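See below for the structure under consideration.
Keep in mind the model is a prediction, meaning the values are calculated, not measured.
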Amino acid sequence: MGEMVLAGYGMDKAVRSSVSFETPCGRLLRELEQIWTEIGEREEDKDRMFLELETECMRVYRRKVDSANAERSQLRQSLMAKEAELKVLVASIGEITPKFKVDEKQSLKEQLAKVTPLLEDLRSKKEERIKQFSLVQSQIEKIKAQISDHNNQHDNGPVNHSKDNHDLSTRRLSDLQAELRNLQKEKSDRLQKVFIYVDEVHCLCSVLGMDFAKTVKDVHPSLHGANSENSTNISDSTLEGLTETILKLKAEKRTRVSKLQEIVGKLHKLWNLMESTEQERRHFTRVAAVLGSTEEEITSSSVLSLETIQETEEEVERLTKQKASRMKELVLKKRLELEDICSNAHMEPDMSTAPEKITALIDSGLVDPCELLSSIETQIAKAREESLTRKDIMEKVDRWLSACDEETWLEEYNQDSSRYSAGRGAHINLKRAEKARILVQKIPSMIDNLIAKTFAWEDERSVPFLYDGARLVAILEEQKLRRVQKEEDKRRHRDQKKLQSLLLKEKELIFGSKPSPKKTSSFNRRTSSHHPNGNGAGFMTPVPRRVSAGSATPELLTPRSYSGRYNNYFKENRRLAAAPLNFSTVSKEDRKKKTRRGAY
């Protein structure tokens, strides 16, 4: 129709008819013209109606064109807006997206179809990024509020951060996440510190017997399990409060430890003084352990409580009252202990604290029993210390006395005519005699070494070494002299035997007969009459004597134990003088005693 109108507009009828009727609109126009002709319309009316028809067609075309122009403008604006939004999103989230390029060969709809998926993808990424930012920032604000002790800022859900939506880049998100991690670490450290402080407060309260719940609630209610609905407070004020509480509790613990150690020290002295039984001490076993412990080692529950301290003080008061009535008994018991120590070390105890003097002083009330007890304890300590310095010399003295015992036994054994018989136990005596001979040969060197040791001890301390009240060097020197005399007696005895043998030979030559064997083989001790201290073989037996006050010449100084052994030896000699020795039938106890001395 448009082609027909355009063809007929401004053309003559011949040309219009030749062009217009080739299209469907032209055929309709020709049909209309035929109808007008049949009707009898004039040419002027036909032209006018054709012109009106053409004008109406133009209006239709214009509307279509205007509508197309408007749609094109809208598409262009939409495309430009989306392109701008695309650029803004790319800049906001920092995504590396291929740049959208306008292709002139493509229609606007094709361009829009191309940019719309990109834009939708970036929008979804932005929404996701906003959620990430919101979550991280809300956590940051929450932790900051916990640290600053303002919990009301995060009670109503996540905080809106729309003002920061223009920068949603991954770099900024990474910065916020790094800040969140730092805050989380700080929170974890604070929580750990709070738990450590609370645990320390719990331990201190347990030792001191104090109420833990009340103590921590005074710092902050959230620190105790009764308020579990509240999160544990980690603010600076809470940490400072816990630190101050710990310092106060430690100061209190230090004061109580000092006080209790002083009380327990008194308690230990009273226990030792009163010799309390384990059953009496058992109730205060935990408290008694405080005396030798440091503050850190004292962890028992309620060991430093006020009740425990008061109970210990009451026990000390009770024992103090009992002490007064038992002091005399205790002082005498300590004196016996001193005498035992001196007796074992062969020392003379201090006579200033003799039992009769102690009893008289305590009964008279002139001296405090505690002072006497302290004096005796000092003497005991000195006696123990001196016994340790004498230990080496005393061991050598015991070895010397043991060797002397073996020498005595050997002399008796050598005088037994049946010692080589095949009787029971003969081989045991033979072995012992062999060992005894070796040991006897060492006696002179033992005495010399013992004298040298004693002199060194005396030179070091500038005091004489006393053995049961006598000077040991004098005893040893006398023993050396006695041994020399003994050897001289042995020599004279051998010479006498030789002389007797010569006389017997002369008798045999004169009379022609031998004396009866019984006279020579019997085990007798008539030769002991050669010396008042003889032992049957003409040997000198050491006789223990003490220095008598005011005597002109000092006699032999021998230790008491040595004296006792030789007194027993003389009794044995008297027994053996009546019957021959049989070493195999000696009693078990005698063999045990002699074996112990020989082994030593």
Residues which pass side chain to side chain donor-acceptor pair (under 3.5 Å) with [X], listed by chain and number, not counting sequence neighbours:
X    : answer
E252 : R256
E314 : none
T243 : none
D236 : R190

Does any N or O in the side chain of [X] come within less than 3.5 Å of the main-chain N or O of [Y], such that one atom is a donor and the other an acceptor?
X    : Y    : result
T245 : G241 : yes
R335 : T353 : yes
S134 : I130 : no
S73  : N69  : yes
S174 : T170 : yes
S148 : K144 : yes
S206 : H202 : no
K253 : E295 : yes
N182 : A178 : yes
S67  : R63  : no

Heavy-atom neighbours of Q279 CD exceed 12 at 6.0 Å: no
Q74 atom CD, over 12 foreign heavy atoms within 6.0 Å: no
To the nearest 0.5 Å, what is the distance between [atom1] on [X] and [atom2] on [Y]?
X    : Y    : atom1 : atom2 : answer
Q34  : L29  : CD    : CG    : 10.5 Å
R254 : L249 : CZ    : CG    : 11.5 Å
Q184 : E179 : CD    : CD    : 11.0 Å
L304 : Q261 : CG    : CD    : 9.0 Å
L32  : R30  : CG    : CZ    : 13.0 Å
L260 : S305 : CG    : OG    : 9.0 Å

Pairs touching residues 281-294 that satisfy salt bridge (charged side-chain N to carboxylate O under 4.0 Å, His left out), sequence neighbours left out: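 Non-adjacent pairs meeting salt bridge (charged side-chain N to carboxylate O under 4.0 Å, His left out): zero.
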Between [Y] and [X], is there a salt bridge with N-O shorter than 4.0 Å?
X    : Y    : value
K185 : D189 : yes
R318 : E315 : yes
D45  : R42  : yes
R59  : E56  : no

E458 vs V463, side-chain contact (heavy atoms from CB on, under 4.5 Å): CA-CA, chis, key distance, verdict: CA-CA 5 Å; E458 292 179 344; V463 292; over 6 Å; no
Results of ring-ring contact (aromatic ring centres under 6.0 Å, His included) for H268 - residues two or more places apart only: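 Once residues adjacent in sequence are excluded, the partners of H268 under the ring-ring contact (aromatic ring centres under 6.0 Å, His included) criterion are W271.
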Residues forming a ring-ring contact (aromatic ring centres under 6.0 Å, His included) with F465, sequence neighbours excluded: W457
Of all residues at least two apart in sequence or in a different chain, which pass the salt bridge (charged side-chain N to carboxylate O under 4.0 Å, His left out) check with [X]?
X    : answer
K250 : E200
R76  : none
K453 : D392

Test side-chain contact (heavy atoms from CB on, under 4.5 Å) applied to C203 and D199, step by step: CA-CA 6 Å; C203 293; D199 185 61; 4.2 Å; yes
I'd like a table of donor-acceptor pairs (distance under 3.5 Å, sequence neighbours excluded) in which one partner is a side-chain atom from residues 382-391, with atom names and distances.
residue, atom, partner, partner atom, Å
R384, NH2, E337, OE2, 2.6
S387, OG, A383, O, 3.3
S387, OG, R384, O, 2.6
T389, OG1, E386, O, 2.5
R390, NH1, L466, O, 3.1
R390, NH2, A345, O, 3.0
R390, NH2, H346, O, 3.3
R390, NH2, L466, O, 2.9

Any side-chain donor near an acceptor of the partner, T320 and K266, under 3.5 Å: no
side-chain contact (heavy atoms from CB on, under 4.5 Å) partners for S78, two or more places apart: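 S78 satisfies side-chain contact (heavy atoms from CB on, under 4.5 Å) with K82, L112 once adjacent residues are dropped.
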E71/K109 under salt bridge (Lys or Arg N to Asp or Glu O under 4.0 Å): CA gap, chis, key distance, verdict: CA-CA 11 Å; E71 184 178 0; K109 289 185 177 183; 3.7 Å; yes
